[in-house]
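Please read the structure below before turning to the comments.
Convention: sequence-line order gives letters A, B, ...; per-chain numbering from 1.
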Protein chains: 2
Amino acid sequence: MVIENTFTGEYLYSIDAKDRVNIPSKFRNALTPKNKNIFYITRGMDQCIVAYPLEEWKKVQDGLRNLSSASKVYRSFIRSITRYAAQVKFDKQGRIQLTQVLKNYAQLEKEVTIIGMVNKIELWNPDILNELEKTSLRIDPEEYKDLADKIIL
Amino acid sequence: MVIENTFTGEYLYSIDAKDRVNIPSKFRNALTPKNKNIFYITRGMDQCIVAYPLEEWKKVQDGLRNLSSASKVYRSFIRSITRYAAQVKFDKQGRIQLTQVLKNYAQLEKEVTIIGMVNKIELWNPDILNELEKTSLRIDPEEYKDLADKIIL
DNA sequence: GATAATTACCCACCGCTACCCACAATGTTA
DNA sequence: TAACATTGTGGGTAGCGGTGGGTAATTATC
(Lines give C-alpha, C1' and ligand atoms only; values in the text may rest on other atoms or scores of the structure.)
Protein backbone atom coordinates (compact mmCIF):
# COMPACT_ATOMS: atom_id res chain seq x y z
CA MET A 1 0.00 0.00 0.00
CA VAL A 2 2.20 2.73 -1.30
CA ILE A 3 0.13 5.29 -3.16
CA GLU A 4 -3.17 6.31 -1.61
CA ASN A 5 -6.46 5.63 -3.39
CA THR A 6 -4.63 4.09 -6.31
CA PHE A 7 -5.34 0.62 -7.60
CA THR A 8 -3.20 -1.60 -9.78
CA GLY A 9 -3.03 -5.26 -10.57
CA GLU A 10 -5.37 -8.06 -11.54
CA TYR A 11 -7.06 -10.62 -9.31
CA LEU A 12 -9.28 -13.63 -9.90
CA TYR A 13 -11.95 -13.88 -7.19
CA SER A 14 -15.21 -15.73 -6.74
CA ILE A 15 -18.82 -14.68 -6.16
CA ASP A 16 -20.61 -16.54 -3.41
CA ALA A 17 -24.24 -17.59 -3.14
CA LYS A 18 -25.21 -14.20 -1.74
CA ASP A 19 -23.68 -12.25 -4.62
CA ARG A 20 -20.80 -11.05 -2.51
CA VAL A 21 -17.37 -10.26 -3.92
CA ASN A 22 -14.21 -9.72 -1.99
CA ILE A 23 -12.29 -6.53 -2.61
CA PRO A 24 -8.58 -7.42 -2.79
CA SER A 25 -6.88 -6.45 0.44
CA LYS A 26 -4.31 -4.45 -1.46
CA PHE A 27 -7.07 -2.23 -2.75
CA ARG A 28 -8.71 -1.89 0.63
CA ASN A 29 -5.43 -1.00 2.26
CA ALA A 30 -4.85 1.71 -0.30
CA LEU A 31 -8.08 3.47 0.69
CA THR A 32 -7.91 6.52 2.93
CA PRO A 33 -10.22 6.72 5.98
CA LYS A 34 -12.21 9.44 4.23
CA ASN A 35 -13.73 6.81 1.97
CA LYS A 36 -15.36 5.15 4.97
CA ASN A 37 -15.15 1.69 3.43
CA ILE A 38 -17.64 2.79 0.83
CA PHE A 39 -17.69 2.14 -2.89
CA TYR A 40 -20.10 3.19 -5.58
CA ILE A 41 -20.63 0.57 -8.22
CA THR A 42 -22.23 1.20 -11.59
CA ARG A 43 -22.16 0.20 -15.23
CA GLY A 44 -18.96 0.73 -17.09
CA MET A 45 -18.69 1.98 -20.64
CA ASP A 46 -17.59 -1.54 -21.46
CA GLN A 47 -19.43 -4.64 -20.37
CA CYS A 48 -18.15 -4.58 -16.83
CA ILE A 49 -18.91 -3.17 -13.41
CA VAL A 50 -16.96 -0.13 -12.27
CA ALA A 51 -16.37 0.60 -8.61
CA TYR A 52 -15.39 4.06 -7.39
CA PRO A 53 -14.24 4.81 -3.87
CA LEU A 54 -16.53 7.35 -2.22
CA GLU A 55 -14.17 10.28 -2.72
CA GLU A 56 -13.79 9.54 -6.43
CA TRP A 57 -17.51 9.10 -6.89
CA LYS A 58 -18.17 12.51 -5.40
CA LYS A 59 -16.22 14.02 -8.27
CA VAL A 60 -18.32 12.14 -10.79
CA GLN A 61 -21.49 13.29 -9.11
CA ASP A 62 -20.45 16.91 -9.03
CA GLY A 63 -19.93 16.63 -12.74
CA LEU A 64 -23.40 15.20 -13.23
CA ARG A 65 -25.01 17.78 -10.98
CA ASN A 66 -23.73 20.55 -13.22
CA LEU A 67 -25.27 19.11 -16.36
CA SER A 68 -28.44 20.99 -17.19
CA SER A 69 -31.66 18.99 -17.14
CA ALA A 70 -32.94 20.99 -20.07
CA SER A 71 -31.15 18.82 -22.60
CA LYS A 72 -32.67 15.49 -23.44
CA VAL A 73 -29.28 13.92 -24.06
CA TYR A 74 -28.03 15.09 -20.68
CA ARG A 75 -31.04 13.69 -18.90
CA SER A 76 -30.61 10.38 -20.62
CA PHE A 77 -26.92 10.37 -19.82
CA ILE A 78 -27.42 11.08 -16.14
CA ARG A 79 -30.06 8.39 -16.01
CA SER A 80 -27.83 5.83 -17.66
CA ILE A 81 -25.19 6.36 -15.00
CA THR A 82 -27.04 6.89 -11.77
CA ARG A 83 -29.69 4.36 -12.55
CA TYR A 84 -27.30 1.52 -12.00
CA ALA A 85 -25.23 3.21 -9.34
CA ALA A 86 -25.40 1.70 -5.90
CA GLN A 87 -23.62 2.55 -2.71
CA VAL A 88 -21.97 -0.44 -1.15
CA LYS A 89 -20.00 -0.72 2.06
CA PHE A 90 -17.79 -3.69 2.56
CA ASP A 91 -18.22 -5.88 5.63
CA LYS A 92 -15.62 -6.96 8.16
CA GLN A 93 -14.37 -9.54 5.70
CA GLY A 94 -13.91 -6.88 3.04
CA ARG A 95 -16.73 -7.97 0.74
CA ILE A 96 -19.26 -5.90 -1.14
CA GLN A 97 -22.64 -7.04 -2.35
CA LEU A 98 -23.47 -6.72 -6.02
CA THR A 99 -26.88 -5.74 -7.30
CA GLN A 100 -28.75 -8.11 -9.54
CA VAL A 101 -28.93 -5.63 -12.41
CA LEU A 102 -25.21 -5.02 -12.51
CA LYS A 103 -24.42 -8.69 -12.16
CA ASN A 104 -26.60 -9.34 -15.17
CA TYR A 105 -25.14 -6.48 -17.15
CA ALA A 106 -21.59 -7.71 -16.72
CA GLN A 107 -22.75 -11.31 -17.09
CA LEU A 108 -21.02 -12.36 -13.91
CA GLU A 109 -21.52 -15.85 -12.58
CA LYS A 110 -19.09 -17.71 -10.36
CA GLU A 111 -15.85 -15.94 -11.05
CA VAL A 112 -14.68 -12.33 -11.43
CA THR A 113 -11.47 -10.78 -12.56
CA ILE A 114 -10.87 -7.63 -10.62
CA ILE A 115 -8.66 -5.03 -12.23
CA GLY A 116 -7.13 -1.93 -10.69
CA MET A 117 -7.67 1.06 -12.97
CA VAL A 118 -5.70 3.71 -11.08
CA ASN A 119 -8.59 5.65 -9.51
CA LYS A 120 -11.30 3.04 -9.97
CA ILE A 121 -11.81 -0.71 -10.09
CA GLU A 122 -13.32 -2.87 -12.80
CA LEU A 123 -15.12 -6.18 -12.35
CA TRP A 124 -15.17 -8.46 -15.37
CA ASN A 125 -16.43 -11.82 -16.42
CA PRO A 126 -13.06 -13.53 -17.05
CA ASP A 127 -14.16 -15.03 -20.35
CA ILE A 128 -15.51 -11.78 -21.73
CA LEU A 129 -12.41 -9.91 -20.72
CA ASN A 130 -10.08 -12.42 -22.33
CA GLU A 131 -12.12 -12.44 -25.48
CA LEU A 132 -12.05 -8.67 -25.62
CA GLU A 133 -8.32 -8.55 -25.08
CA LYS A 134 -7.81 -10.99 -27.91
CA THR A 135 -9.86 -9.03 -30.42
CA SER A 136 -10.13 -5.31 -29.82
CA LEU A 137 -6.86 -4.66 -28.10
CA ARG A 138 -4.84 -6.30 -30.78
CA ILE A 139 -6.47 -4.30 -33.49
CA ASP A 140 -4.92 -0.89 -33.17
CA PRO A 141 -1.40 -0.72 -31.81
CA GLU A 142 -1.31 2.72 -33.42
CA GLU A 143 -3.79 4.12 -30.96
CA TYR A 144 -1.69 2.72 -28.19
CA LYS A 145 1.26 4.64 -29.43
CA ASP A 146 -0.73 7.84 -29.50
CA LEU A 147 -1.84 7.29 -25.93
CA ALA A 148 1.65 6.41 -24.83
CA ASP A 149 2.83 9.70 -26.28
CA LYS A 150 0.14 11.64 -24.49
CA ILE A 151 0.86 10.19 -21.09
CA ILE A 152 4.63 10.16 -21.56
CA LEU A 153 4.98 6.53 -20.67
CA MET B 1 -26.04 8.36 4.99
CA VAL B 2 -22.91 9.68 3.44
CA ILE B 3 -23.79 12.09 0.67
CA GLU B 4 -26.66 14.29 1.74
CA ASN B 5 -29.71 14.90 -0.43
CA THR B 6 -28.24 12.80 -3.18
CA PHE B 7 -30.01 9.91 -4.82
CA THR B 8 -28.65 7.07 -6.90
CA GLY B 9 -29.79 3.64 -7.92
CA GLU B 10 -32.82 1.99 -9.39
CA TYR B 11 -35.63 0.26 -7.53
CA LEU B 12 -38.66 -1.68 -8.67
CA TYR B 13 -41.54 -0.98 -6.31
CA SER B 14 -45.27 -1.49 -6.41
CA ILE B 15 -48.24 0.82 -6.14
CA ASP B 16 -50.89 -0.43 -3.75
CA ALA B 17 -54.64 -0.12 -3.98
CA LYS B 18 -54.50 3.28 -2.31
CA ASP B 19 -52.06 4.74 -4.85
CA ARG B 20 -49.25 4.71 -2.34
CA VAL B 21 -45.62 4.31 -3.37
CA ASN B 22 -42.74 3.58 -1.09
CA ILE B 23 -39.75 5.88 -1.20
CA PRO B 24 -36.64 3.67 -1.00
CA SER B 25 -35.13 3.83 2.46
CA LYS B 26 -31.77 4.75 1.01
CA PHE B 27 -33.33 7.89 -0.41
CA ARG B 28 -35.14 8.75 2.80
CA ASN B 29 -31.98 8.26 4.81
CA ALA B 30 -30.11 10.62 2.52
CA LEU B 31 -32.55 13.43 3.30
CA THR B 32 -31.53 16.12 5.76
CA PRO B 33 -33.97 17.07 8.57
CA LYS B 34 -34.56 20.39 6.85
CA ASN B 35 -36.63 18.61 4.22
CA LYS B 36 -39.16 17.61 6.89
CA ASN B 37 -40.11 14.40 5.09
CA ILE B 38 -41.63 16.49 2.34
CA PHE B 39 -41.42 15.98 -1.39
CA TYR B 40 -42.82 17.97 -4.26
CA ILE B 41 -43.99 15.82 -7.12
CA THR B 42 -44.72 17.12 -10.59
CA ARG B 43 -44.54 16.27 -14.27
CA GLY B 44 -41.12 15.50 -15.65
CA MET B 45 -39.75 16.64 -18.99
CA ASP B 46 -40.07 13.03 -20.02
CA GLN B 47 -43.08 10.87 -19.46
CA CYS B 48 -42.44 10.33 -15.77
CA ILE B 49 -43.11 11.83 -12.37
CA VAL B 50 -40.32 13.85 -10.77
CA ALA B 51 -40.01 14.19 -7.02
CA TYR B 52 -37.93 16.93 -5.42
CA PRO B 53 -37.09 17.08 -1.74
CA LEU B 54 -38.36 20.30 -0.20
CA GLU B 55 -34.96 21.99 -0.21
CA GLU B 56 -34.35 21.16 -3.87
CA TRP B 57 -37.82 22.31 -4.81
CA LYS B 58 -37.10 25.69 -3.32
CA LYS B 59 -34.24 26.07 -5.76
CA VAL B 60 -36.48 25.13 -8.65
CA GLN B 61 -38.98 27.75 -7.58
CA ASP B 62 -36.31 30.40 -7.29
CA GLY B 63 -35.30 29.54 -10.81
CA LEU B 64 -38.83 29.89 -12.04
CA ARG B 65 -39.26 33.17 -10.21
CA ASN B 66 -36.37 34.63 -12.13
CA LEU B 67 -37.86 33.76 -15.48
CA SER B 68 -39.50 36.83 -16.84
CA SER B 69 -43.24 36.51 -17.07
CA ALA B 70 -43.21 38.75 -20.09
CA SER B 71 -42.52 35.92 -22.46
CA LYS B 72 -45.42 33.75 -23.46
CA VAL B 73 -43.21 30.68 -23.67
CA TYR B 74 -41.93 31.23 -20.15
CA ARG B 75 -45.40 31.63 -18.74
CA SER B 76 -46.47 28.44 -20.40
CA PHE B 77 -43.37 26.67 -19.15
CA ILE B 78 -43.92 27.77 -15.58
CA ARG B 79 -47.55 26.80 -15.75
CA SER B 80 -46.71 23.32 -17.03
CA ILE B 81 -44.55 22.70 -14.02
CA THR B 82 -46.42 24.32 -11.17
CA ARG B 83 -49.84 23.24 -12.35
CA TYR B 84 -49.21 19.61 -11.56
CA ALA B 85 -46.98 20.16 -8.58
CA ALA B 86 -48.22 18.71 -5.32
CA GLN B 87 -46.71 18.65 -1.88
CA VAL B 88 -46.60 15.20 -0.35
CA LYS B 89 -45.32 14.02 3.02
CA PHE B 90 -44.47 10.41 3.53
CA ASP B 91 -46.02 8.39 6.35
CA LYS B 92 -44.28 6.32 9.01
CA GLN B 93 -43.74 3.52 6.52
CA GLY B 94 -42.08 5.94 4.14
CA ARG B 95 -44.81 6.02 1.49
CA ILE B 96 -46.13 8.97 -0.46
CA GLN B 97 -49.50 9.23 -2.14
CA LEU B 98 -49.65 10.00 -5.84
CA THR B 99 -52.20 12.29 -7.40
CA GLN B 100 -54.47 10.89 -10.06
CA VAL B 101 -53.32 13.37 -12.71
CA LEU B 102 -49.67 12.53 -12.33
CA LYS B 103 -50.35 8.82 -12.19
CA ASN B 104 -52.18 9.11 -15.49
CA TYR B 105 -49.51 11.29 -17.05
CA ALA B 106 -46.78 8.76 -16.33
CA GLN B 107 -49.14 5.90 -17.13
CA LEU B 108 -48.40 4.15 -13.87
CA GLU B 109 -50.31 1.05 -12.94
CA LYS B 110 -49.11 -1.70 -10.64
CA GLU B 111 -45.36 -1.26 -10.80
CA VAL B 112 -42.94 1.67 -10.71
CA THR B 113 -39.24 1.91 -11.35
CA ILE B 114 -37.80 4.55 -9.09
CA ILE B 115 -34.56 6.14 -10.23
CA GLY B 116 -32.21 8.34 -8.27
CA MET B 117 -31.20 11.33 -10.41
CA VAL B 118 -28.63 12.87 -8.08
CA ASN B 119 -30.71 15.78 -6.75
CA LYS B 120 -34.17 14.49 -7.66
CA ILE B 121 -36.13 11.27 -8.11
CA GLU B 122 -37.97 9.93 -11.12
CA LEU B 123 -40.93 7.56 -11.14
CA TRP B 124 -41.42 5.58 -14.32
CA ASN B 125 -43.65 3.00 -15.82
CA PRO B 126 -41.06 0.19 -16.21
CA ASP B 127 -42.10 -0.63 -19.76
CA ILE B 128 -41.98 2.96 -20.99
CA LEU B 129 -38.58 3.53 -19.43
CA ASN B 130 -37.01 0.46 -20.94
CA GLU B 131 -38.40 1.28 -24.33
CA LEU B 132 -37.05 4.81 -24.14
CA GLU B 133 -33.60 3.72 -23.05
CA LYS B 134 -33.42 1.24 -25.84
CA THR B 135 -34.02 3.90 -28.44
CA SER B 136 -32.21 6.95 -27.05
CA LEU B 137 -29.11 5.01 -26.12
CA ARG B 138 -28.78 3.81 -29.66
CA ILE B 139 -29.10 7.25 -31.12
CA ASP B 140 -25.96 8.99 -29.99
CA PRO B 141 -23.19 6.89 -28.47
CA GLU B 142 -20.78 9.56 -29.67
CA GLU B 143 -22.33 12.28 -27.60
CA TYR B 144 -22.19 9.95 -24.65
CA LYS B 145 -18.49 9.51 -25.09
CA ASP B 146 -17.96 13.25 -25.14
CA LEU B 147 -19.91 13.60 -21.93
CA ALA B 148 -18.01 10.75 -20.33
CA ASP B 149 -14.78 12.49 -21.18
CA LYS B 150 -16.00 15.72 -19.64
CA ILE B 151 -16.89 14.13 -16.35
CA ILE B 152 -13.85 11.91 -16.40
CA LEU B 153 -15.75 8.73 -15.76
C1' DG C 1 -76.97 16.74 10.45
C1' DA C 2 -76.54 11.89 8.66
C1' DT C 3 -74.21 9.04 5.56
C1' DA C 4 -70.66 7.98 2.36
C1' DA C 5 -66.00 8.46 0.78
C1' DT C 6 -61.46 9.68 1.09
C1' DT C 7 -57.37 10.36 3.73
C1' DA C 8 -54.15 9.70 7.64
C1' DC C 9 -52.29 6.80 11.09
C1' DC C 10 -51.24 2.34 13.00
C1' DC C 11 -50.26 -2.65 13.24
C1' DA C 12 -48.68 -7.16 11.32
C1' DC C 13 -46.34 -10.30 8.17
C1' DC C 14 -42.29 -11.77 5.70
C1' DG C 15 -38.24 -11.77 2.88
C1' DC C 16 -33.91 -9.78 2.41
C1' DT C 17 -29.66 -7.88 4.00
C1' DA C 18 -26.33 -6.24 7.19
C1' DC C 19 -23.70 -8.05 10.76
C1' DC C 20 -21.44 -11.63 13.10
C1' DC C 21 -18.83 -15.96 13.73
C1' DA C 22 -16.19 -19.86 11.86
C1' DC C 23 -12.77 -22.07 9.05
C1' DA C 24 -9.35 -23.09 5.42
C1' DA C 25 -5.42 -21.64 2.80
C1' DT C 26 -1.52 -19.02 2.40
C1' DG C 27 2.18 -16.23 4.01
C1' DT C 28 5.27 -14.54 7.84
C1' DT C 29 8.14 -14.56 11.76
C1' DA C 30 10.75 -16.39 15.50
C1' DT D 1 9.42 -26.20 11.92
C1' DA D 2 6.02 -24.40 14.76
C1' DA D 3 3.20 -20.60 16.05
C1' DC D 4 0.86 -16.81 14.43
C1' DA D 5 -1.22 -13.39 11.26
C1' DT D 6 -3.53 -12.33 7.10
C1' DT D 7 -6.82 -13.15 3.64
C1' DG D 8 -10.39 -15.43 0.91
C1' DT D 9 -14.77 -18.13 1.48
C1' DG D 10 -19.04 -20.11 3.62
C1' DG D 11 -22.98 -19.82 6.48
C1' DG D 12 -26.31 -18.44 10.49
C1' DT D 13 -29.25 -14.88 12.53
C1' DA D 14 -31.49 -10.68 14.17
C1' DG D 15 -33.38 -6.52 12.54
C1' DC D 16 -34.91 -3.57 9.02
C1' DG D 17 -37.57 -2.43 5.04
C1' DG D 18 -41.41 -3.28 1.58
C1' DT D 19 -46.13 -4.57 1.39
C1' DG D 20 -50.96 -5.34 2.67
C1' DG D 21 -54.72 -4.28 5.31
C1' DG D 22 -57.59 -2.35 9.26
C1' DT D 23 -59.52 1.58 11.79
C1' DA D 24 -60.11 6.27 13.17
C1' DA D 25 -60.39 11.02 11.57
C1' DT D 26 -61.44 14.28 8.21
C1' DT D 27 -63.86 15.86 4.28
C1' DA D 28 -67.49 15.76 0.96
C1' DT D 29 -72.37 15.07 -0.66
C1' DC D 30 -77.01 15.24 -0.19
Looking only at side-chain atoms of B/Asn22, point me to the closest of D/dG20, D/dG8, D/dT19. D/dT19

Looking for any heavy atom pair under 4.0 Å, which part of the strands does A/Lys18 touch: base, sugar-phosphate only, or nothing? base

Atom CG of B/Leu98 to atom P of C/dT6: distance rounded to whole Å? 16 Å

Measure the acute angle between the ring planes of B/Phe39 and B/Phe90, then classify it against the limits of 30° and 60° as parallel, tilted or perpendicular. tilted

Write down the distance between CG (A/Asp91) and P (D/dG12), rounded to a whole number of angstrom. 16 Å

The single option from B/Ile23, B/Val88, B/Asp16, B/Asp19 passing side-chain contact (heavy atoms from CB on, under 4.5 Å) against B/Arg95: B/Asp16

Without decimals, in angstroms, what is the distance between B/Arg20 CZ and C/dC9 P? 12 Å

Take the protein atom CZ of A/Phe90 and the nucleotide atom P of D/dT9, then report the distance between them rounded to whole Å. 16 Å

note: B/Gln97, atom CD; C/dA5, atom C1'; distance rounded to Å ~ 13 Å

Using a cut-off of less than 4.0 Å, is there contact between a side-chain N or O of B/Ser14 and OP1 or OP2 of D/dT19? yes

Once you apply a heavy-atom cut-off of 4.0 Å, does A/Asp16 come out as touching a base, just sugar-phosphate, or nothing? sugar-phosphate

Using only heavy-atom distances, decide whether a donor-acceptor pair under 3.5 angstrom links the side-chain of B/Arg28 to the base of D/dG17. no

Just the rounded figure in Å: distance from C1' of C/dT7 to CD1 of B/Ile96. 15 Å

Side chain of A/Tyr13 (C-beta onward), nearest among D/dT7, C/dC20, C/dT17: D/dT7

Ring-plane angle category for B/Tyr40 and B/Trp57, please: parallel below 30°, perpendicular beyond 60°, tilted otherwise. parallel

Lys/Arg-Asp/Glu bridge criterion (N-O < 4.0 Å) met for B/Glu122, A/Arg79: yes

Base, sugar-phosphate, or nothing: which does B/Gln93 touch, judged by heavy atoms less than 4.0 Å apart? base

Most 5' of A/Pro24 and B/Ile23 on DNA chain D, judged by nearest nucleotide: A/Pro24

Check the distance between D/dT7's P and A/Lys26's NZ and give it to me in whole angstrom. 10 Å

Just to confirm, is there a sub-4.0 Å distance from OP1 or OP2 of C/dC10 to any side-chain nitrogen or oxygen of B/Lys92? yes

Between B/Asp19 (CG) and C/dA5 (P), how many Å, whole number? 17 Å

Closest nucleotide among D/dT7, D/dG10, D/dG22 to the A/Ser25 side chain: D/dT7

Hey, could you give me the CG/NZ distance between B/Leu98 and B/Lys18, rounded to the nearest 0.5 Å? 14.5 Å

